[in-house]
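In what follows, a structure is listed as structure tokens, so that the remarks can point back to it.
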Amino acid sequence: MGTWAWGDTGELGNGYFGSKLEKNDLQKVASKAIKAGFTMWDTAAVYGMGHSEQVLGEVLKQYDRNDYQLSTKFTPQIAEDVENPVETMLEGSLKRLNTDYIDLYWIHNPKDVEKWTPYLIPLLKEGKIKHVGVSNHNLQEIKQVNEILGEAGYKIDAIQNHYSLLYRSSEKAGLIEYCQENNIDFYSYMVLEQGALTGKYDSSHPFPEGSTRAEIYNPMMQNLESLNNSLKIIAEKHQASAADIATAWAIQKGTTPIIGITKSKYIDDEIKVTNIRLSNEEMNMLEKLGDLAQVNTRGEWEKDMNIN
Ligand SMILES: NC(=O)c1ccc[n+]([C@@H]2O[C@H](COP(=O)([O-])OP(=O)(O)OC[C@H]3O[C@@H](n4cnc5c(N)ncnc54)[C@H](OP(=O)(O)O)[C@@H]3O)[C@@H](O)[C@H]2O)c1
């Protein structure tokens with residue numbers, strides 16, 4: 001379960017997603033998700049500058065810590081000028097999340113791999129972080145991180161990259177295959193392209209103006225029409241939603257989607273997804289339509305995985 005949009009809660013209002021989420025509603029999201037077995041929560045210190053972690057920590061307070069897992073990130077760009085910037089950022093996350101350990105701790109992007117990776121080792125030794133992952137790193141950077149961790153007897157357990165029907169850079173660069181061969185979980189993010197592949201938004205029903213995602217996706221909604229129509233047709237056949245089909249595609253490609261969850265009704269979709277099996281024909285057609293849309297949804301924080 002992804003909680004970037006939770007940074008837009010309450011007084012923070014519009015933010016990146018323009019979601020205007022309410023803590024009470026998010027409480028319902030968490031309750032329904034945990035009951036359904038979706039227990040892993042992804043956030044980052046940088047989401048709403050701590051606000052996503054804060055709200056998530058408050059919402060999860062009523063559950064036993066053993067009943068859910070936390071995944072949060074060190075973002076080099078907001079590192080403080082202190083003796084141990086990674087530990088300092090982690091301590092802030094632990095406080096906001098009301099916990100003394102993180103199940104899966106990520107380096108958010110590959111800015112200076114050699115500098116930041118070694119800081120993870122003492123945190124692993126102390127048990128403050130249980131597993132390590134890297135996000136937005138290319139194959140060469142992943143290998144470099146693993147070499148540094150390997151010297152201390154540790155390894156990367158997970159990769160987290162943008163992966164959707166519109167953005168398959170990690171697949172084309174051989175990263176998904178590498179993960180499968182090396183027992184590394186590949187978590188795919190923005191599988192729904194922030195709502196653009198859910199059928200909820202189209203050129204007649206654009207994202208409400210005033211958010212970053214509206215600025216990015218509204219100009220390309222026309223190009224996504226064929227893909228979105230196909231997602232809907234396939235969804236009907238499987239008695240599911242368009243979002244389910246985009247998610248099922250990512251699962252069938254061997255990845256674990258992190259879905260940005262904003263409403264409790266979306267949990268019903270998540271439950272359905274686990275039972276959907278798309279045919280080869282459906283998989284191929286969706287990929288072809290994704291390519292034919294000819295849009296570039298690469299985030300401004302991302303780089304093409306084929307380029308060093
Ligand atoms: N490591 C990184 O650099 C990085 C970057 C981006 C994201 N992430 C992680 O990945 C997570 C997912 O990415 P994301 O939240 O940006 O985008 P996403 O999962 O592609 O899309 C999330 C949006 O889709 C809509 N949605 C979700 N489930 C739906 C359903 N069943 N039916 C209809 N609409 C649905 C919601 O929009 P509405 O609220 O408008 O309905 C929601 O805000 C993030 O929350 C974050 O945890 C990581």
Side-chain angles (χ1 to χ4, degrees), residues 1-9 14-22 25-26 29 32-33 36 38 40-48 52-53 55-56 70-77 104-111 133-137 158-167 170 186-202 205-208 211-214 216-218 228 231-232 235 240-250 255-273 276 297-303:
M1 302 280 98
T3 65
W4 183 8
W6 293 31
D8 289 4
T9 318
N14 257 349
Y16 194 95
F17 289 82
S19 308
K20 296 194 179 126
L21 302 172
E22 297 291 336
D25 294 334
L26 295 176
V29 169
K32 200 166 168 181
F38 299 111
M40 183 155 189
W41 300 88
D42 184 70
T43 181
V46 77
Y47 295 167
S52 164
E53 288 183 333
V55 176
L56 182 61
L70 291 170
S71 149
T72 192
K73 314 181 188 83
F74 168 79
T75 305
Q77 287 76 1
L104 180 49
Y105 197 59
W106 307 85
I107 301 275
H108 208 157
N109 58 60
K111 186 175 185 289
V134 292
S135 184
N136 301 305
H137 288 51
I159 303 295
Q160 175 173 164
N161 279 358
H162 185 177
Y163 184 60
S164 78
L165 279 161
L166 297 177
Y167 193 76
S170 288
F186 186 100
Y187 288 81
S188 41
Y189 73 69
M190 282 165 55
V191 166
L192 305 178
E193 290 293 347
Q194 305 203 320
L197 297 184
T198 62
K200 181 175 170 182
Y201 303 101
D202 57 38
H205 309 90
F207 291 96
S211 68
T212 309
R213 71 173 169 162
I216 294 168
Y217 289 99
N218 280 345
N228 272 328
L231 284 170
K232 279 185 194 163
S241 71
D244 288 338
I245 303 303
T247 310
W249 168 83
T255 78
T256 302
I258 307 173
I259 301 298
I261 196 81
T262 50
K263 296 177 180 64
S264 56
K265 65 178 180 188
Y266 294 161
I267 304 289
D268 298 324
D269 280 343
E270 305 311 332
I271 295 168
K272 236 179 259 165
V273 168
I276 295 173
T297 58
R298 174 151 58 88
E300 43 84 18
W301 63 90
E302 297 168 359
K303 59 180 179 184

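The residues of the chain are indexed from 1 along the displayed sequence. Just follow the structure's listing: the first ligand is 1, and inside any ligand the first atom is 1.
Remark: ligand 1 atoms within the under-4.0 Å shell around heavy atoms of G2 are 11 (C), 45 (O), 47 (O). For ligand 1, the atoms sitting less than 4.0 Å from at least one non-hydrogen atom of D42 are 9 (C), 46 (C), 47 (O), numbered in the order shown with element in parentheses. Interface atoms of ligand 1 facing K263, defined by a heavy-atom separation under 4.0 Å, are 38 (P), 39 (O), 41 (O).
Contacts of S170 classified as side-chain hydrogen bond (donor to acceptor under 3.5 Å, both in side chains), with partners at least two apart in sequence or in another chain: N161. Partners of H137 by side-chain hydrogen bond (donor to acceptor under 3.5 Å, both in side chains), not counting sequence neighbours: none found.
Judged by distance alone, with hydrogens and angles left aside, the side-chain atoms of S188 form no donor-acceptor pair with the main-chain N or O of Y163 at under 3.5 Å. Without hydrogens or angle criteria, K73 side chain to T43 main chain gives a donor-acceptor distance under 3.5 Å. A side-chain donor-acceptor contact under 3.5 Å links T255 to the backbone of A250. Using modelled atom types, no side-chain atom of D8 and backbone atom of K20 make a donor-acceptor pair closer than 3.5 Å. Side-chain atoms of N218 come within 3.5 Å of backbone N or O of F207 as a donor-acceptor pair.
The distance criterion of under 3.5 Å between nitrogen or oxygen atoms is not met by T43 with respect to ligand 1. Among the atoms of S19, none of the N or O lies under 3.5 angstrom from an N or O of ligand 1. Where the criterion is an N or O separation shorter than 3.5 Å, residue side chain and backbone included, W4 meets it with respect to ligand 1. Below 3.5 Å of separation, one finds an N or O of D269 facing an N or O of ligand 1. At least one N or O atom of L192 sits closer than 3.5 Å to an N or O atom of ligand 1. Taking any N or O of I259, backbone or side chain, none lies under 3.5 Å from an N or O belonging to ligand 1.
Among all non-hydrogen protein atoms, the one lying nearest atom 22 (C) of ligand 1 is G260 O, 3.5 Å. Nearest protein heavy-atom contact of atom 1 (N) of ligand 1 is S135 OG, 2.8 Å.
For the residues V134, I267, T262, the heavy atom positioned nearest atom 36 (C) of ligand 1 is part of T262. Ranked by closest heavy atom to atom 18 (P) of ligand 1, the top entry among E270, Q194, E302, K265 is Q194.
Here W301 and W4 bring their ring centres to under 6.0 angstrom of each other. Ring-centre distance between F17 and W6: not below the 6.0 Å cut-off.
Contact annotation: Y201 has at least one heavy atom less than 4.0 Å from an atom of ligand 1. Between Y47 and ligand 1 there is a heavy-atom distance shorter than 4.0 Å. At least one heavy atom of R213 lies less than 4.0 angstrom from ligand 1. At a 4.0 Å cut-off, at least one heavy atom of W301 sits close enough to ligand 1 to count as contact.
Atoms CD1 and NZ, from I267 and K272 in turn, are 13.0 Å apart once rounded to the nearest 0.5 Å.
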